[in-house]
Each structure stands twice: as structure tokens, then as C-alpha cells.
Amino acid sequence: MRTPLIAGNWKMNLHRAEAVALAEAVVKAIKADSGKYGKAEAALCPPSVYLDAVAQVVKGSSVALGAQNMYHEANGAFTGELSASMLRDVGCKYVVLGHSERRHILGESNQDVNRKVLTALKGGLSPIVCVGETLQQREAGQTADVVWEQFFGSLAGVSAEQMQQVVIAYEPVWAIGTGKTATPQQAEEVHADLRKILEFRYNTATAQAVRIQYGGSVKPDNAAELLSQKNIDGALVGGASLKAEQFLGILAGA
Ligand code: 13P
């Protein structure tokens, strides 16, 4: 059985006091009612400057910490970048890699994402690797091809054993921050495809073990139906993760 992962990607939002208060509210609610919120694993991915502050809050709880990005080198003259070992040092378990905002706004290629994935795995982090098509690509019938190319490009050289540590996030670009969610059927179709790709590239055991999250306008009122799909193993949540009650509502839906 795959334990669903509900991860809050806070993106470039909140300041220290708000970040700490949000993490505290989430941790407190999960501790108080593990029957309601404890069926899935929860992770918080704050802006990197607040990782340490949020780490202090989640320490000793079931809530995991994740970063939103990292660099593929171990250390050295890379101004402004963060290494896998630094993220481990502050308590991260996860790192989001290849988010569409980094691919489209900051120009990250599959090869860039791949380097980071391999470095993250070597450094003991679990990468959450994002894939997903634009609206134009969906309308042109290219969704399956795009996801295939991103999968093989971003995960090149990852062994079956390493793949067990990887989480895939299917985030259709047209559904991110737009309020337009993929229907459960649209999402499930791509998730099932990804599961088949995992089987083709690796084996049945790996395909069955790897968690595939859905991301894109997930809210408390659409989470349960999305998460009830056979191949949807959690959610990567943007906007709704900035409000404790909404994030908890999604957790409760898992
Ligand atoms: P929204 O939930 O705001 O659509 O963002 C999704 C996302 O990009 C999570 O990584």
C-alpha cells in the first residue's frame, strides 16, 4: 500500500511569523486528531530562508520538511545556491524538483532537473519530481508525449532502488494557480500512464511502490474525489496550503 503524500508548496509566500504560525497550526491539528489527519503523510515546503524556523516546529512530529529547489553541485562557488547536504542539515526529507514554474519561468531543462535529482538521491533526499503539460500541449494532443519526455529526461540514470525514494508529481500547467482543476478522470488517465511508464522502465514492484501526486488547484472540496482515484497517491498543493484549515481539509480528504 502506498501512503499518500500531501505536500504544501508555499512557493514565494509568507514571512517568518506567518510561516511559523502556519506550521504550528498544522502540527497541532495533526497531533490532536491523528484519526482525521493521519492517514496521509504531510510535508511542508517553505521558502528556503524559513526552512530552519519551520524545522524547529515540525521536529518530533509526523510532519516532514521539504525544500522547493536545490543545486546539483555538492559545494563551492555557486552564489545564491543551496546544496543537498545543506537541506539535509536543516532537516529536509524532500525537495521539489522540476516544478513547472522553474521549468517555464527560470528555464530549467530536463537535463538540469536530472542533475539535481541524481544529486538529491546521492545526498539522501527524496525528490518530488514534477511533470505536466501546458494547455497548448494538451489541446494539441501531446500530453502523453510531454509527460513521457519529462519522465525519461528528468529521471535518466535513476536505478530501480533509488526510484523507491522518488515521488512523481503530475501537475498540468494549465491547472496551477488557475482554479481549473483537472477532472479526476483527466488526472487518473495521466497517472495510469505514468504507472505504465514506471513498469516499462523499471518493473511491477517499483511501479506499484512509487507515489504519484496530483497538483493543480487542489482544494478541500475537490481533494477527496481526486485522491480516491486508483493511481493518485497524494497532492502537491500550492495556494490552498497557505491556509491551515484548507491544507488540513485536504489532508482529511486523503
Ligand atoms: P496551486 O495549488 O496553487 O494550483 O499550485 C499547485 C502547485 O504548483 C503546487 O506545486
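Numbering of ligands and ligand atoms starts at 1, following listing order. Quantities reported herein were computed from a predicted structural model and do not represent experimental measurements. Atom set for the values below is all heavy atoms of this structure, side chains included, hydrogens, waters and symmetry mates excluded.
- Nearest protein heavy-atom contact of atom 3 (O) of ligand 1 is G239 N, 2.8 Å.
- Salt bridge R211/E41: present, at least one basic N to carboxylate O contact under 4.0 Å.
- Scored by the side-chain hydrogen bond (donor to acceptor under 3.5 Å, both in side chains) test, S62 finds no partners at all (sequence neighbours excluded).
- Heavy-atom neighbours of Q111 CD from other residues, nucleotides or ligands within 6.0 Å: at or below the threshold of 12.
- Short contacts between ligand 1 and S217, defined as distances under 4.0 Å to a heavy atom of the residue, involve ligand atoms 1 (P), 2 (O), 4 (O).
- By the 6.0 Å contact criterion, CG on N203 is enclosed, its count of non-hydrogen atoms from other residues, nucleotides or ligands being greater than 12.
- When hydrogens are left out, the protein atom nearest atom 7 (C) of ligand 1 is E171 OE2, 3.1 Å; that is the closest non-hydrogen contact.
- Set against the non-hydrogen atoms of N9, the atoms of ligand 1 under 4.0 Å away are 9 (C), 10 (O).
- For the pair T178 and ligand 1, the shortest N or O to N or O distance does not fall below 3.5 Å.
- Under the salt bridge (charged side-chain N to carboxylate O under 4.0 Å, His left out) criterion, E171 pairs with no residue, sequence neighbours left out.
- When the options K116, E101, H99 are evaluated for a side chain to side chain contact (heavy atoms under 4.5 Å, CB included) with N69, the one that passes is K116.
- Atoms of ligand 1 lying under 4.0 Å from any heavy atom of L236, numbered from 1 in the order shown and given with element: 9 (C), 10 (O).
- A donor-acceptor pair shorter than 3.5 Å cannot be found between the side chains of R195 and T204.
- The distance criterion of under 3.5 Å between nitrogen or oxygen atoms is met by H99 with respect to ligand 1.
- Numbered from 1 in the order shown, with element, the atoms of ligand 1 that lie under 4.0 Å from a heavy atom of G216 read 4 (O), 6 (C).
- Between Q142 and E133 the shortest side-chain heavy-atom distance does not fall below 4.5 Å.
- Defined by atom type and a distance below 3.5 Å, a donor-acceptor pair is missing between the side-chain atoms of N114 and S154.
- Using a 4.0 Å cut-off between heavy atoms, I176 contacts ligand 1 through both its backbone and its side chain.
- Ranking the protein heavy atoms by distance from atom 5 (O) of ligand 1 puts K11 NZ, 3.3 Å first.
- When hydrogens are left out, the protein atom nearest atom 2 (O) of ligand 1 is G238 N, 2.9 Å; that is the closest non-hydrogen contact.
- Residue-level proximity to ligand 1 for A175 is carried by the backbone, the only part with a heavy atom below 4.0 angstrom.
- Near G177, the atoms of ligand 1 lying under 4.0 angstrom from a non-hydrogen atom of the residue are 1 (P), 3 (O), 4 (O).
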